[in-house]
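Within every chain, numbering begins at 1; the chains are lettered A, B, ... in the order of the sequence lines, protein sequences first and strands thereafter.
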Number of protein chains: 2
Amino acid sequence: MSQKVFVSAQEVAERAGVSRSAVSRTFTHGASVSPETRRKVLEASEALGYHVNHLARGLMRNESGIVCLIVSDMGTPYRSNLIRALTQQLQDAGKIAMLVNTDRSDGSVDLALRQAIRYRADASIILSGMPDKSITQLCLKNGQRLVLINRDDEQEGPLRINLDDAESASRVLTAFVRAGCQRMAFANSEAGTPSLMARERGFIAAAKALGIDVVVERFGPTGYESGKILAQRLLTRRERPDAVFCATDLLACGFMDTARHQFSISVPDQLCIAGFDDIAQASWSSYQLTTFSQPVEAIAREAVTWLDEADPAIARQSVRLHADLIWRSSIRGG
Amino acid sequence: MSQKVFVSAQEVAERAGVSRSAVSRTFTHGASVSPETRRKVLEASEALGYHVNHLARGLMRNESGIVCLIVSDMGTPYRSNLIRALTQQLQDAGKIAMLVNTDRSDGSVDLALRQAIRYRADASIILSGMPDKSITQLCLKNGQRLVLINRDDEQEGPLRINLDDAESASRVLTAFVRAGCQRMAFANSEAGTPSLMARERGFIAAAKALGIDVVVERFGPTGYESGKILAQRLLTRRERPDAVFCATDLLACGFMDTARHQFSISVPDQLCIAGFDDIAQASWSSYQLTTFSQPVEAIAREAVTWLDEADPAIARQSVRLHADLIWRSSIRGG
DNA sequence: CCGCTCTTTGCAAGCGTGTGCAAATGCTGC
DNA sequence: GCAGCATTTGCACACGCTTGCAAAGAGCGG
């Protein structure tokens, strides 16, 4: 291992002919330094290549500037897009993102939070998985702020950011009905994530209000392949559905591909399809999927501004955002 | 801002009735502690919820355990997949990833590296953009290790991981020729990334060796939309190409969609298409794209193991990996 | 019981910062 | 020139940890 030799404030001070505190103050926002010393310090730092050691600063200030993102399936379009938005806005707010991958096991969300504590992260943002209550308590006790995105946990303390899943689901149903669809289906994964389940329940409830039955099928993880399987199951039923709401766009893409290529079903003429997330592929001309756009920028903004808010005791605990309906041609009419 | 109150080794020591160094040694691999004290320390830590402060540890050891990933377009399938592989393998090696988004401006790669220095990252891995030479020098001078993925820079010091782009390009040409294609085209973005340019040059060179001309078109950023524009340009030529190698899969998907839906061209009957990266969408049944799989796991492994290697002076500087040809039905024959 | 070796333990220095406090400096008005 | 004040500067301590060093303890053969 190479010997790291970073230049310290001490060396800068010596070169600039001032005290070390002067150097520190030059790089501390709102500290009192004369323009003259400031100039000398900046000159010396530039010459030596000095950079404030944020580990030491974090140690002193008891505030590291680190925010931990806890994510699984980060290769997925929706997740990666959310990560992009979050990292960007965190950087704009002068913070830095630490990324923890929780693909391996389920308990790894807890491990991830422990990691966040070790690095004294100012906050953790959980995009997937569900932390054990004891761990979130540990985080909160340590003064670490917590944001749960699309997790809808009932715990006190964290900020919970969610979408109006039920309302969206009900709008899909309306669209299906207007298009003259009769036999409704809902295609879901087996992940059981709160937001996915909320869409399912919302769709069923909206249908029930109109006296319509919904066939529900669930399979596997929330991905393209599962969409294909779900299509095989739903489209081989005696009473083949003529409208299906897929819990996510990835499921919808798989569903649509199988409907078209394996069953030679025409979309939207014989089958209307809706998705959720508005991933990039939904707008590709092979899909033209009607879907709801996850307001990733707004989600990120809510999370980041909340982290800067003064008193966690007064801060709001829950935010519900709206997902716009993006109308494309996978549903008739419009 | 809430008052963070983390429990320190001092408190654990008091509760366990031992010295603070005993606590430290309990959590230091390879230090000498008796089983009895170890037990007492672990018990007390558990009860108090103690976690070693990695900021302080990094300060002392001069080794933070942080590795900085510098990325643009992280919402993109290939990039996000590489990030996934890297974070996972870094975690397995006991390190943690810090993610810096460089979408904003071009100089932001330099800003990102400065950020890495501030947090005393042990290393930085650059997936996109090109750092200024003065900055990489600064990093190396500070003992920070550097990995460049698919950047093919000629600088000394960093590890450069690249693929055999030229060979891949030549294999595509062979496949096109075998399929009986006559009029070759290469579709590229205007990004000018070394790997993209290597594929372009390799394809042209392989064609020239057989006395075949290649029409080259370049447009915009490296994404789906650019693929559509490129198709419009290439497919409206008087001599319409019957084979096109797209520099990436995203370009290929856009190209294929436009060829089919706007020009009603049948793939692969009238037009053969190849891509590069093997993103998830390439295997979707709407595309079935013949392409080369980026060996993301191998790339990540090379990067992570290199970081653990003993002496940076002896360490190798460059690695060339092979991209497997994934044969699907966007090229005739096979 | 002594001398020897080996392991375990505590002390204290040091990592690179931020910041309260008091001293020093500069400026203003008389 | 001097008192009065605001601003700037340096000192020294604190943050939480690792680790070299020496002292203490444990085990053991003679």
Expected output: side-chain B:Ser72 to main-chain B:Ser128 donor-acceptor under 3.5 Å: no
A:Glu63 CD - D:dA14 C1' separation (whole Å): 17 Å
Passing candidate, side-chain hydrogen bond (donor to acceptor under 3.5 Å, both in side chains) with B:Gln89, options B:Arg84, B:Lys95, B:Glu297: B:Glu297
Check the interface with nucleotides 5-8 of chain D: list each N/O to N/O pair with the protein under 3.5 Å, or write none.
from	atom 1	to	atom 2	distance (Å)
D:dT8	OP2	A:Ser32	OG	3.4

Donor-acceptor under 3.5 Å (B:Glu302 side chain, B:Ile299 main chain): no
Protein-nucleotide distance (A:Glu14, atom CD; D:dG10, atom C1'), rounded to Å: 15 Å
Steps toward side chain to side chain contact (heavy atoms under 4.5 Å, CB included) verdict (A:Asp73, A:Tyr78): CA-CA 10 Å; A:Asp73 295 318; A:Tyr78 160 60; over 6 Å; no
Please enumerate all protein N or O atoms sitting under 3.5 Å from an N or O of nucleotides 13-20 of chain C, with distances to 0.1 Å.
from	atom 1	to	atom 2	distance (Å)
C:dT17	OP1	A:Tyr50	OH	2.9
C:dT17	OP1	A:Asn53	N	3.3
C:dT17	OP2	A:Ala9	N	3.0
C:dT17	O4	A:Arg20	NH2	3.3
C:dG18	OP1	A:Arg57	NE	2.5
C:dG18	OP1	A:Arg57	NH2	2.8
C:dG18	OP2	A:Ser24	OG	2.3
C:dG18	O6	A:Arg20	NH2	2.6

Identified side-chain contact (heavy atoms from CB on, under 4.5 Å) counterpart of B:Leu127 within the set B:Ile70, B:Leu86, B:Asn150: B:Leu86
Donor-acceptor pair, side chain of B:Ser64 and main chain of B:Arg120, under 3.5 angstrom: yes
Expected output: side-chain A:Asp122 to main-chain A:Val67 donor-acceptor under 3.5 Å: no
Side-chain donor/acceptor of A:Glu11 to backbone N/O of A:Ser8, under 3.5 Å: yes
Qualifying residue, where the test is side-chain contact (heavy atoms from CB on, under 4.5 Å) with A:Leu69 and the options are A:Ile126, A:Thr87, A:Val100: A:Thr87
Given A:Val33, A:Val12, A:Val18, the one that forms side-chain contact (heavy atoms from CB on, under 4.5 Å) with A:Thr26: A:Val33
Angle of first-five versus last-five pair axes in the helix from C:dC1-D:dG30 to C:dC30-D:dG1, to 10 degrees: 40°
